[in-house]
Amino acid sequence: MSHFPAWGRAKMHGFFTTAIPLIQQEIPALDQVKVGICGLGTVGCGTFNVMLRNAADINARAGKRIEISHVASRRAPTKCDPKGVRFSTDIFEVVRDPDLQIVVELIGGIDTARELVLQAIEAGKHVVTANKALIAVHGNELFEAALNKGVALAYEAAVAGGIPIIRALREGMAGNEIRWIAGIINGTSNYILTEMGKGREYAEVLAEAQAKGYAEADPTFDVEGIDAAHKLVILGSIACRIPLQFDKVYTEGISKLSPLDLRYAEELGYRVKHLGIIWRAPEGVELRVHPTLIPEERLIARVDGVMNAVLVEGDAVGPTLYYGAGAGAEPTASSVIADIIEIARQVDLPPSARTPYLGFEYSGQTALPILPIEECVTSYYLRMTVEDRPGALAAIARIFSESGISIEALIQKEAKAGQKQVPIILITSEAREGELLKAFAAVEALDQVVAPLVKIRLENLDG
């Protein structure tokens, strides 16, 4: 997409520290902040273990003594041992504990999690969650409830696991107008596409991902883009100062992709990634998740396996790339604990002194609309199967020409002995999607075209 500058020029941003000699003096007693954790699955136990292991560093950075004093899980935990900590099988007992200042919601799901968070807020407790579906679907309601009670609601771990992308957008890039975001924000789909790029079939790789624990028994949320859409709508709200509107995100998965198309894309100099894309235009905001061809020399095209990467362009800073583990017990715990520390630092401050939930104060001002997919501007990779007879390519080219669409690149395979049908692969010029789809329908209607077109959006990312 020509809005984007080349990712090859993106800056790798990180955090740098300067070694400072420790002052050999007694550290004064710190105020205590008590925390309750609801859910001791993968992330819950990861959070529990890291907080115990790194307690000295965590307390020093928070300026408080942070204590896990109550945990709850419906099942006995298998990846941590909360010995010596009050344990409940009823997660709502944590909310009712009068000694706690912070409740950490790590149970997953939506309905019970929503009720848990609302009860914690009503009880005047600060909340930390890693639940992207909860924030994407009910975030507006939860933020309003938290604002009315004057408590914090933090959710860094809800997007991209251990990558601190929420804090980067809300605080590190607060002085920028965010022009666009594009990212690999689901490790399962990225792993599957990485392996399919080696010529392996989708079903085989999905089974392997499930065996390795990368994909659930029901992988729908990952492979159909729903998980990525949950994350994208959160990023879009922060970046573009709009309310959360999950139902308006265009979502397309990877389950219909073929290794054949990944191979043809490579022949043309591209790699296929499952991207979440936010584009801020004068007339509105694009929020879309779909497979995307990316020039192979771009940095994001080289992100493989279960890793995540998010590229953000601000008008002042330019493009910045954030890369790291997007899931897992301790990477996600890293973000959960960062939120706990931030709340502990601010626990005694008035609400007006805290960072707004989405990074901006929303007071009913007119927000940019979210554009339907038909209004988005993009290019396409097309694969079509045509009869091997003269005139097929000419007929296709005529339709595109009459629609004002150029053919930017073309592969026409020769028919093998006895073969009556051949594939044609082409790249279109950039155009409004609604116009492209009309042209594609006209091509599919040609007598020479014997199968539905395979269509994958393409982002040139070349400024």
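Sequential numbering from 1 along the given sequence is applied to the chain's residues. Just so it is clear, the model here is predicted, and its values are computed rather than measured.
Distance alone, capped at 3.5 Å, is enough to place a donor-acceptor pair between the Glu105 side chain and the Ile107 backbone. A donor-acceptor pair under 3.5 Å links the side-chain atoms of His126 to the main chain of Ala152, judged by distance alone. Panel note: side chain Thr428, backbone Tyr380; a donor-acceptor pair is recorded below 3.5 Å. With hydrogens and angles ignored, the 3.5 Å screen pairs a side-chain donor or acceptor of Ser258 with a backbone N or O of Leu260. At least one donor-acceptor pair closer than 3.5 Å links the side chain of Ser403 to the backbone N or O of Ile399. Lys231 contributes a side-chain N or O that, together with a main-chain N or O of Ile185, makes up a donor-acceptor pair within less than 3.5 Å. Under a 3.5 Å cut-off, the side chain of Gln210 and the backbone N or O of Glu216 do form a donor-acceptor pair. Between the side chain of Arg280 and the backbone N or O of Leu368, no donor-acceptor pair lies under 3.5 Å. Panel note: side chain Thr251, backbone Val289; no donor-acceptor pair is recorded below 3.5 Å. Side chain of Thr292 to main chain of His290: a donor-acceptor pair is present (N/O by atom type, distance under 3.5 Å, no hydrogens or angles).
Applying the salt bridge (Lys or Arg N to Asp or Glu O under 4.0 Å) rule to pairs touching residues 379-388 yields Asp261-Arg383, Glu387-Arg389, sequence neighbours excluded.
Side-chain contact between Leu293 and Arg271 is absent, with no heavy atoms from C-beta onward closer than 4.5 Å. When side chains are defined from C-beta on, Ile278 counts as touching Cys240, because their heavy atoms get closer than 4.5 Å. Here the side chains of Val449 and Thr385 are not in contact, with every heavy-atom distance at 4.5 Å or above. Leu153 has its side chain within reach of Tyr357: a pair of non-hydrogen atoms, C-beta onward, lies under 4.5 Å apart. Residues Val103 and Cys38 meet the side-chain proximity criterion, which asks for heavy atoms closer than 4.5 Å. The side-chain heavy atoms of Leu371 and Glu283, taken from C-beta on, include a pair separated by under 4.5 Å. Two residues are said to be in side-chain contact when any heavy atoms from C-beta on lie closer than 4.5 Å; Val35 and Val104 meet this criterion. At a threshold of 4.5 Å between non-hydrogen side-chain atoms, the residues Ile294 and Leu275 count as touching.
Under 4.0 Å is where a charged nitrogen must lie from a carboxylate oxygen, and between Glu374 and Arg432 no such pair does. Look at Arg288 and Glu459 and you find a salt bridge, because one of the NZ, NE, NH1 or NH2 atoms lies within 4.0 Å of a carboxylate O, short of that distance. Taking 4.0 Å as the cut-off between side-chain N and carboxylate O, Arg179 and Glu313 count as a salt-bridged pair. Taking 4.0 Å as the cut-off between side-chain N and carboxylate O, Asp227 and Lys132 count as a salt-bridged pair. The existence of a salt bridge linking Glu297 and Arg302 is excluded, since no basic side-chain nitrogen approaches an acidic carboxylate oxygen closer than 4.0 Å.
With hydrogens and angles left out, the side-chain atoms of Tyr191 and Lys212 include a donor and acceptor closer than 3.5 Å. Using modelled atom types, one finds a donor on one side chain and an acceptor on the other under 3.5 Å when comparing Thr320 with Tyr322. Of the N and O atoms on the side chains of Tyr214 and Glu208, not one donor lies less than 3.5 Å from an acceptor on the other residue. In the model, Glu286 has no side-chain atom that pairs as donor or acceptor with a side-chain atom of Tyr250 under 3.5 Å. In the model, Thr129 has no side-chain atom that pairs as donor or acceptor with a side-chain atom of Asn131 under 3.5 Å.
In this structure, the separation between OG on Ser237 and CG on Leu287 is 7.5 Å, given to the nearest 0.5 Å. Remark: Ile166 CD1 to Leu235 CG distance equals 5.0 Å, nearest 0.5 Å. Note that CG of Leu321 is 5.5 Å distant from CG of Leu311, once rounded to the nearest 0.5 Å. Separation of atoms SG (Cys45) and CG (Leu40) is listed at 5.0 Å; rounding is to 0.5 Å. The distance from the NZ atom of Lys455 to the CG atom of Leu382 is 7.5 Å, given to the nearest 0.5 Å. Note that CG of Leu426 and CD of Glu408 are 10.5 Å apart. Values are rounded to the nearest 0.5 Å.
Under the side-chain hydrogen bond (donor to acceptor under 3.5 Å, both in side chains) criterion, Gln346 pairs with Glu342, not counting sequence neighbours.
Minimum interatomic distance between Met384 and Ile396 (heavy atoms only, all atoms of both residues): SD-CD1, 3.3 Å. When all heavy atoms are compared, the tightest approach of Phe246 to Ala136 is CB-O, 3.6 Å. Considering all non-hydrogen atoms of both residues, Asn190 and Val303 come closest at ND2-O, 3.2 Å. The nearest pair of heavy atoms linking Ala209 to Ile192 is CB-CG1, 4.5 Å. In this structure, Ile456 and Pro291 approach most closely via the heavy-atom pair CG2-O, 3.6 Å. Nearest heavy-atom pair across Met307 and Ile184 is O-CG2, 3.8 Å.
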Stepwise side-chain contact (heavy atoms from CB on, under 4.5 Å) check, Val386 with Gln421 = CA-CA 5 Å; Val386 302; Gln421 299 174 355; over 6 Å; no
Under the side-chain contact (heavy atoms from CB on, under 4.5 Å) criterion, do Ile373 and Arg457 qualify, and how do the steps go?
-> CA-CA 12 Å; Ile373 190 65; Arg457 293 172 189 83; 3.9 Å; yes
Walk me through it: do Glu267 and Lys413 pass the test salt bridge (Lys or Arg N to Asp or Glu O under 4.0 Å)?
-> CA-CA 12 Å; Glu267 285 186 36; Lys413 298 292 183 178; 3.3 Å; yes
Begin from the C-alpha positions of Ile178 and Leu169 and carry the test side-chain contact (heavy atoms from CB on, under 4.5 Å) through to its verdict.
-> CA-CA 9 Å; Ile178 305 300; Leu169 287 175; 4.3 Å; yes
Taking it one step at a time, do Arg263 and Glu266 satisfy salt bridge (Lys or Arg N to Asp or Glu O under 4.0 Å)?
-> CA-CA 5 Å; Arg263 192 183 80 209; Glu266 189 171 341; over 6 Å; no
Donor-acceptor pairs under 3.5 Å, side chain of residues 324-340 to any protein atom, not counting sequence neighbours: which ones?
unit_1, atom_1, unit_2, atom_2, d
Glu330, OE1, Arg53, NH2, 3.0
Glu330, OE2, Arg53, NH1, 3.0
Thr332, OG1, Gly328, O, 2.8
Ser335, OG, Gly161, O, 2.7
Asp339, OD1, Arg167, NH2, 3.1
Asp339, OD2, Tyr155, N, 3.3
Asp339, OD2, Glu156, N, 2.8

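The distance between the ring centers of Tyr381 and Tyr264 does not fall below 6.0 angstrom.
Atom CD of Glu144 has 12 or fewer heavy atoms from other residues, nucleotides or ligands within 6.0 Å. The number of heavy-atom neighbours closer than 6.0 Å to OH of Tyr202, taken from other residues, nucleotides and ligands shown, is above 12. Crowding of Asp315 atom CG: a count of heavy atoms from other residues, nucleotides or ligands under 6.0 Å exceeding 12. In Asp57, the CG atom is crowded: over 12 heavy atoms of neighbouring residues, nucleotides or ligands sit closer than 6.0 Å.
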